[in-house]
Structures are given as structure tokens and as C-alpha cells.
Amino acid sequence: MTFEDQHLKYLQLALEEAKKCTPTPTAFCVGCVLVSQISAEPLVMSTGYSRELPGNTHAEANALSKFRSLPQEELCRFDPAASHAEILASADVYTTMEPCSIRTSGLSPCADALIDAQVKRCFIGVGEPDDFVQCEGAQKLVSAGIDVVWLKGLEEESLSVARRGH
Ligand SMILES: Nc1nc(O)c(N)c(N[C@@H]2O[C@H](COP(=O)(O)O)[C@@H](O)[C@H]2O)n1
């Protein structure tokens, strides 16, 4: 399997998450998958999509919250001794759209949440277009030392799913 194929399969999974979003005219429909690299082979840690959890919630923040809410005893499938924070520090993030750097609601942006979690790499389906704000999420991640990979192949689909409510 090529590097692209190996990672596109998780981005495809994130796209399936994005399709679960309830569309809204004022935000995008985004999906996210967290994959642990601490285990012998990559394992899905959690998934999330925009507005999945109550309130005006975003895909990446929801995937982080859902992983952090797993009980300690469920973490042994990733690593017998690691904490939530240690597993997150090994994580690859697959998101159909560039993590947001500014939120119109004033809530905390996803780029900041990923930086706080100290995730390893972030694979992105498509850059955020300037429909609402000027996004600098990828640049923020790079400045914080997180590897950013722009995956090729699902840009058009990621964008059309994201804009379903517009
Ligand atoms: N990366 C990302 N994930 C999501 O789940 C999103 N909904 C977005 N959209 C971005 O967030 C802004 C909306 O902010 P509020 O939810 O109104 O606070 C929107 O302008 C996009 O930048 N991005």
C-alpha cells in the first residue's frame, strides 16, 4: 500500500463522519478520525463530526472529547500502560477540512485544541475556503511543531460535503 492509500482510508472514514452532520448555513460539515500510533499497528481511537455532541461543537473537538471520555480500562487496547494524554501525543488526526483557527461564535478553535493535546500529525482533506473567516489553522499547527499533511484525492468531495448547508 502506498503512503497516500494508507492515509486516504482514514480520511475516507472521516468523510463518512462528515456526511452524518446536520447541515447549517452558517458553518461547515466536517468529519474527523483520531488514529493511535502508540500500538503495534494503527488503531482508530475515536471519531467526530460537526455538531455531533450537544451545542455548537466541531468535528475535531468532538473526536478529542469522545476519546478523553473513554474509561481508563478501555485504553489497554492501545497500550497497557499509557494515559489518555500519552496516547493522544502519538495520535494522527484525519480531518476533512483544515482545523479552524477562529470561530465566529467566539468558542475555542480546533487548531488550539489539537495543539493542547500535542497530537503528532494532522492529515487534511481540503483547506478551509474563506466563506466565513480567513483560516490559519494549518499554519498554527505547523508553528506548534505538528506535522501537517495535505492529502491528495478527496479535496472536491470534502468540500462539497462541507458546504452541504450553503
Ligand atoms: N475544522 C472545522 N471543523 C468544524 O467542525 C467546523 N464546523 C469548522 N468550521 C469553521 O468554524 C467556523 C464556525 O465557527 P462557529 O461554529 O460558528 O463558532 C466556520 O467559520 C469555519 O471557520 N471547521
Side-chain angles (χ1 to χ4, degrees), residues 4 7-37 44-70 84 87-166:
E4 284 282 318
H7 295 291
L8 274 172
K9 74 175 183 187
Y10 293 114
L11 189 60
Q12 189 70 60
L13 205 58
L15 202 44
E16 294 312 310
E17 289 299 305
K19 291 176 187 170
K20 298 177 187 170
C21 298
T22 304
T24 161
T26 55
F28 293 113
C29 294
V30 180
C32 178
V33 174
L34 301 183
V35 176
S36 160
Q37 297 291 353
V44 172
M45 297 159 59
S46 66
T47 60
Y49 59 90
S50 310
R51 300 169 294 285
E52 176 185 12
L53 296 181
N56 177 16
T57 56
H58 280 193
E60 301 91 325
N62 288 341
L64 289 171
S65 297
K66 285 166 70 182
F67 175 71
R68 287 187 174 119
S69 69
L70 289 181
H84 287 85
I87 298 168
L88 276 171
S90 84
D92 282 339
V93 179
Y94 295 82
T95 182
T96 56
M97 182 170 274
E98 180 178 5
C100 64
S101 58
I102 182 160
R103 293 195 53 176
T104 42
S105 59
L107 291 167
S108 183
C110 293
D112 292 4
L114 296 174
I115 291 167
D116 284 349
Q118 297 181 297
V119 299
K120 213 167 187 60
R121 296 186 291 188
C122 183
F123 294 85
I124 302 176
V126 72
E128 180 179 323
D130 56 5
D131 298 16
F132 304 114
V133 292
Q134 202 75 42
C135 180
E136 293 171 1
Q139 191 46 55
K140 257 183 131 169
L141 297 182
V142 170
S143 301
I146 296 172
D147 287 340
V148 168
V149 183
W150 297 92
L151 280 177
K152 302 225 174 326
L154 292 175
E155 295 92 337
E156 261 182 49
E157 197 178 353
S158 295
L159 193 55
S160 71
V161 170
R163 282 179 165 153
R164 267 185 309 136
H166 308 176

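As the structure lists them, so they are numbered: ligands from 1, and atoms in each ligand from 1. Note that the coordinates shown come from a computational prediction; the quantities given were computed from them, not determined experimentally.
Where the criterion is an N or O separation shorter than 3.5 Å, residue side chain and backbone included, T57 fails it with respect to ligand 1. Taking any N or O of R103, backbone or side chain, at least one lies under 3.5 Å from an N or O belonging to ligand 1. Geometrically, ligand 1 and A59 share a nitrogen or oxygen pair separated by less than 3.5 Å. For R51, no nitrogen or oxygen atom sits less than 3.5 Å from a nitrogen or oxygen atom of ligand 1, counting backbone and side chain alike.
Within the listing of ligand 1, atoms 10 (C), 21 (C), 22 (O) sit less than 4.0 angstrom from a heavy atom of E128. Every atom of ligand 1 with a heavy atom of V30 under 4.0 Å away is listed here by number and element: 2 (C), 3 (N), 4 (C), 5 (O), 6 (C). Set against the non-hydrogen atoms of V133, the atoms of ligand 1 under 4.0 Å away are 20 (O), 22 (O).
For atom 19 (C) of ligand 1, the closest non-hydrogen atom on the protein side is F132 CD1, 3.7 Å. Nearest protein heavy-atom neighbour of atom 1 (N) of ligand 1: E60 OE2, 2.8 Å. Scanning all protein heavy atoms for the shortest distance to atom 16 (O) of ligand 1 gives H58 NE2, 2.8 Å. Scanning the protein heavy atoms around atom 18 (O) of ligand 1, the nearest turns out to be S105 OG, 2.3 Å. Nearest protein heavy-atom contact of atom 5 (O) of ligand 1 is S50 OG, 2.6 Å.
Checked against the 6.0 Å centroid criterion, the rings of F28 and H166 qualify as a close aromatic pair.
For L107, the CG atom sits in a packed shell: over 12 heavy atoms of surrounding residues, nucleotides or ligands are nearer than 6.0 Å.
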Practice problem: Could you give me the CA-CA distance, side-chain angles and deciding distance for F67 and L88, then say whether side-chain contact (heavy atoms from CB on, under 4.5 Å) is met? | Solution: CA-CA 9 Å; F67 175 71; L88 276 171; 3.8 Å; yes
Quiz item: Should M97 and S158 be marked as a side-chain contact (heavy atoms from CB on, under 4.5 Å) after you check the CA-CA gap, both sets of side-chain angles, and the distance that decides it?
Solution: CA-CA 7 Å; M97 182 170 274; S158 295; over 6 Å; no
Practice problem: Would you please test V30 and H58 for side-chain contact (heavy atoms from CB on, under 4.5 Å) and show each step? | Solution: CA-CA 8 Å; V30 180; H58 280 193; over 6 Å; no
Practice problem: Tell me, with the steps shown, if D92 and F123 meet side-chain contact (heavy atoms from CB on, under 4.5 Å). | Solution: CA-CA 7 Å; D92 282 339; F123 294 85; 3.7 Å; yes
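In this structure, the separation between CD1 on I102 and CD on E136 is 8.5 Å, given to the nearest 0.5 Å.
For P99, the heavy-atom gap to ligand 1 drops under 4.0 angstrom. Judged by the shortest distance from any of its heavy atoms, N56 lies inside the 4.0 Å radius around the atoms of ligand 1.
Remark: among candidates T104, N62, D131, the nearest residue to atom 17 (O) of ligand 1 is T104, based on non-hydrogen atoms.
Here the side chain of R163 pairs no donor or acceptor atom with the backbone of D131 at under 3.5 angstrom.
At a threshold of 4.5 Å between non-hydrogen side-chain atoms, the residues L114 and V93 count as touching. Looking at heavy atoms from C-beta onward, T96 lies out of side-chain contact with L154 at the 4.5 angstrom threshold.
Contacts between E98 and ligand 1 below 4.0 angstrom, taking non-hydrogen atoms only, involve the backbone exclusively.
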